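The structure appears right after this line, and notes come after that.
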There are 2 protein chains.
Amino acid sequence: MSTAVENFIKAIYKNDKHDGNDTKPGNIAKKLGISNAAATDMAKKLASKDLLNYEKYQELRLTEKGSKMALNIVRKHRLWESLLFKLFDMSLHEIHREAELLEHQTSDFLANKISAYLGNPKFDPHGDPIPNEHGEITTVDNSIQLSQTQAGKSYIISRLMSDDKEFFDFCALHGLKFGNRIMVTNQFQNNKMTQISINYNTILLNEDFTNIIYVNEIN
Amino acid sequence: MSTAVENFIKAIYKNDKHDGNDTKPGNIAKKLGISNAAATDMAKKLASKDLLNYEKYQELRLTEKGSKMALNIVRKHRLWESLLFKLFDMSLHEIHREAELLEHQTSDFLANKISAYLGNPKFDPHGDPIPNEHGEITTVDNSIQLSQTQAGKSYIISRLMSDDKEFFDFCALHGLKFGNRIMVTNQFQNNKMTQISINYNTILLNEDFTNIIYVNEIN
DNA sequence: ATTTTATTTTAAGCTTACTTAAAAATATTT
DNA sequence: AAATATTTTTAAGTAAGCTTAAAATAAAAT
Ligand SMILES: [Mn+2]
Ligand SMILES: [Mn+2]
Ligand SMILES: [Mn+2]
Ligand SMILES: [Mn+2]
């Protein structure tokens with residue numbers, strides 16, 4: 001399948017899995033930076049290939065075959081991120097940018113080589129789970145959004161769900177990374193702000209950030 | 001530039017540099033597996049972009065700009081081959097196959113990271129020189145074809161210039177690889193065959209092989 | 001419930017990268 | 001030198017993946 005098709009399928013998968021908005025052509029188009037008309041066209045074409053179900057004006061739904069393809073691409077994306085992050089001195093934003101291209105030019109054979117070399121990791125450097133070669137995610141995710149945490153409790157950062165450079169730069173600057181410990185010192189419900197303590201520093205985060213930072217409570 | 005354009009430019013570069021046949025659309029078409037008509041079309045298009053000079057019925061010649069582009073792609077190709085060969089247990093044929101795709105989705109930034117990680121190597125696993133980030137090949141190649149060697153002398157294999165799986169499998173089986181030592185025991189000029197000795201084994205190679213295996217004399 | 005706004009779809013058109021078939025030019029053989 | 005074969009070019013056409021503009025439908029606001 002072409003890069004265009006793969007990115008389209010992946011965008012549907014991710015929108016369905018994580019984003020609040022409904023999986024209609026317009027929202028996918030927005031993510032991919034193409035016109036609504038192009039997205040509708042593509043949806044019809046992929047329906048004819050049994051990768052998704054399309055009914056006029058309804059949400060797009062991946063078929064079993066479409067989901068498998070999405071997970072295969074996600075696997076390659078996250079394996080590349082893991083490899084680049086391990087070998088080279090690259091930021092989370094940079095590895096994502098390169099992986100976005102490399103994912104489409106990677107044989108299953110090479111993906112398995114990368115995976116084996118890394119010791120078949122279950123998570124990428126963002127904390128996102130890496131599907132296995134059968135397209136299965138075997139890990140269970142119990143993490144919650146930072147916005148849902150309680151003041152006074154401590155947490156481990158488990159996931160930075162973004163691909164925005166500014167966000168990653170901010171995180172890197174303040175030590176907000178996968179595996180690091182933080183303490184929630186205040187939840188300002190009305191203002192949708194969360195105050196945390198990390199490395200003896202106090203930072204105040206708005207909901208744009210607290211909704212994409214995931215954590216696990218320390219017991 | 002697109003993958004099609006990059007492969008076209010690279011094919012011209014390689015044909016010019018190594019292959020005996022003249023650099024006309026038909027020969028490039030043959031290499032790329034496209035029709036002569038498609039090659040002529042592409043040649044005209046690239047001429048309009050100042051990547052090559054095109055005159056009806058004449059040979060295609062890369063401009064300075066076109067050569068730079070070719071060397072940039074060759075660099076990425078050979079860096080990928082070097083990385084994959086080092087990290088994973090992959091054959092010369094396999095690394096070439098993957099590099100053929102990855103080369104088109106690699107930023108200069110990433111290429112430099114790969115190069116630095118490998119210690120800025122000057123040769124890839126086939127013995128081909130790796131251009132630097134300015135598109136320059138600084139090494140001098142004094143190697144000769146195995147077909148041009150003399151009986152009774154010893155040589156080091158410096159280059160396996162091919163991308164054919166059968167050839168590589170044969171080489172791997174008999175220890176014919178970059179850096180290994182061989183002795184030429186007989187040159188059968190009339191029959192265009194060369195007999196060599198390697199690892200206490202004697203093998204007889206025809207010109208298909210002796211023309212793409214390059215060696216350096218041991219003094 | 002009606003009007004207004006937003007989204008989705010259709011329609012027409014563009015570029016890239018190919019194809020096959022026929023015409024033109026070049027290269028080879030006799 | 002002429003005939004033949006090969007190669008290159010032109011011409012016409014296709015599929016993928018886009019675009020913009022207009023029409024149809026759905027969602028939101030009044
Ligand atoms: Mn990513
Ligand atoms: Mn991508
Ligand atoms: Mn190669
Ligand atoms: Mn290639």
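Since this is a predicted model, take the numbers as computed values, not measurements. Reminder, nothing fancy here: chain letters follow the sequence lines and each chain counts from 1. These numbers come from the heavy atoms of this one structure, side chains and all, not from hydrogens, waters or symmetry mates.
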Expressed as a whole number of angstroms, how long is the span from [X]:[atom1] to [N]:[atom2]?
X	N	atom1	atom2	answer
B:Y54	D:dT7	OH	C1'	12 Å
A:K24	D:dA26	NZ	C1'	7 Å
B:E55	C:dT26	CD	C1'	15 Å
B:M42	C:dT15	CE	P	16 Å
B:Y57	D:dT9	OH	C1'	5 Å
A:Q58	D:dA27	CD	C1'	13 Å
B:N21	D:dT7	CG	C1'	13 Å
B:H104	C:dT16	NE2	P	18 Å

Whether the [X] and [Y] side chains hold a donor-acceptor pair (N or O, under 3.5 Å, no angle test) is what I'd like checked.
X	Y	answer
A:N142	A:N216	no
A:N72	A:K76	yes
A:T63	A:D50	no

(request) Under 4.0 Å from any atom of DNA chain C, heavy atoms only: list the residues of residues 25-41 of chain B that qualify, in numerical order. (result) B:G33, B:I34, B:S35, B:A37, B:A38, B:D41
(request) Please work out whether the ring planes of A:F123 and A:F178 are parallel, tilted or perpendicular, with thresholds of 30° and 60°. (result) tilted
(request) Describe the nucleic acid contact of B:F8 in one word from base, sugar-phosphate, nothing, applying a heavy-atom distance below 4.0 Å. (result) nothing
(request) Please check if the distance between the ring centroids of A:H126 and A:F168 is under 6.0 Å. (result) yes
(request) Check whether NZ of the Lys or CZ of the Arg B:K86 lies under 6.0 Å from the centre of the six-membered ring of B:Y117 and within 45 degrees of that ring's axis. (result) yes
(request) Name the residue closer to the 5' end of DNA chain D, choosing between A:K45 and A:K56 according to the nucleotide with the nearest heavy atom. (result) A:K45
